[in-house]
Amino acid sequence: MIPPTVPEARKLILAMAAPKRRRRFLLEWSVWRRAHQAVAARCRKASLAAKRAARTTAGTEEGPPEAVTIAPEEAHLTDEQWALVSPLLPPQRGEVGRPPHDHREVLGGILWVARTGSSWREMPEEFGKWERAYRRYELWLKQGLWQRILEALGEGALPGPVTEEQ
């Protein structure tokens, strides 16, 4: 078990003044919590050791293919690509309410994720929030718009999670 922290020791001292049932509960809870944290710490340490070992042996063995890295500047849509895709997209929202988020910027982020095979959370901030891009991708996928965008761009077989049917 791990030793109690200062705030936990303070709680235990205050628990000594509590009624007997409450005191017993608080003491048992403290013991359980410290045992649980000790197990979690051991698991975390083992996981880090396994990752470290995998990194050192990765050079000697054939590991998973490395992710393709694309600079965010290279992922932006060119004017020609935008001219092909823009008629397919729904109109931007009007000026009432929140300001609209540019389809071109969000689409650039979605394509960056698709081309690199990276996770949504790794999407560069210059494309906006990853949550917004993911929600818009999900919407376009449900509407069948995503496949038409890929066909218009000639990228029907992009690698990564974005092109997989769900």
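If you read the sequence from its start, that first residue is 1, and numbering goes on from there. Since the structure is predicted, the reported quantities are computational estimates derived from the model, not experimental observations.
Considering only heavy atoms from C-beta on, I149 stays 4.5 Å or farther from I110 through its side chain. At a threshold of 4.5 Å between non-hydrogen side-chain atoms, the residues E151 and L84 do not count as touching. Residues V106 and R132 are in side-chain contact: their nearest non-hydrogen atoms beyond the backbone lie under 4.5 Å apart. R21 places none of its side-chain heavy atoms less than 4.5 Å from the side chain of P19. Taking 4.5 Å as the limit, some side-chain heavy atom of S30 sits within range of a side-chain heavy atom of E8. Contact annotation: the side chain of F127 never approaches that of V113 to less than 4.5 Å [non-hydrogen atoms, C-beta and beyond].
Across W130 and M123, no two heavy atoms sit closer than the pair CA-CE, 3.5 Å.
Of the candidates P90, S86, P91, H103 forms a side-chain contact (heavy atoms from CB on, under 4.5 Å) with just one, namely P90.
Separating the NZ atom in K11 from the CG atom in L27 is a distance of 13.0 Å, to the nearest 0.5 Å. How far CG of L89 is from CH2 of W82: 5.0 Å, rounded to the nearest 0.5 Å.
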* Check the pair D79 / R104 against side-chain contact (heavy atoms from CB on, under 4.5 Å), numbers first and verdict last. => CA-CA 10 Å; D79 291 335; R104 189 172 184 170; 2.9 Å; yes
* After noting the C-alpha distance and the side-chain angles of V39 and R42, does the key distance pass the side-chain contact (heavy atoms from CB on, under 4.5 Å) rule? -> CA-CA 5 Å; V39 169; R42 283 195 305 270; 3.2 Å; yes
* To do: With salt bridge (Lys or Arg N to Asp or Glu O under 4.0 Å) as the test, would you mind laying out the steps for E28 and R24 before giving the verdict?
  => CA-CA 6 Å; E28 288 175 0; R24 183 172 177 218; 3.2 Å; yes
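Put simply, L111 and L88 are part of the same group of oily side chains (I, L, V, M, F, W, Y) that touch within less than 4.5 Å, one to the next.
Although no hydrogens or angles enter the test, the distance criterion places a donor-acceptor pair under 3.5 Å between the side chain of R23 and the main chain of M16. With hydrogens and angles disregarded, no donor-acceptor distance shorter than 3.5 Å links the side chain of Q147 to the backbone of G144.
For R135 and E131, the salt-bridge test fails: no basic side-chain N is under 4.0 Å from an acidic carboxylate O.
Classification of the W120-Y137 ring pair by plane angle, with boundaries at 30° and 60°, yields tilted. F25 and W29 have parallel rings, their planes meeting at less than 30° on a 0 to 90° scale where 60° marks the start of perpendicular.
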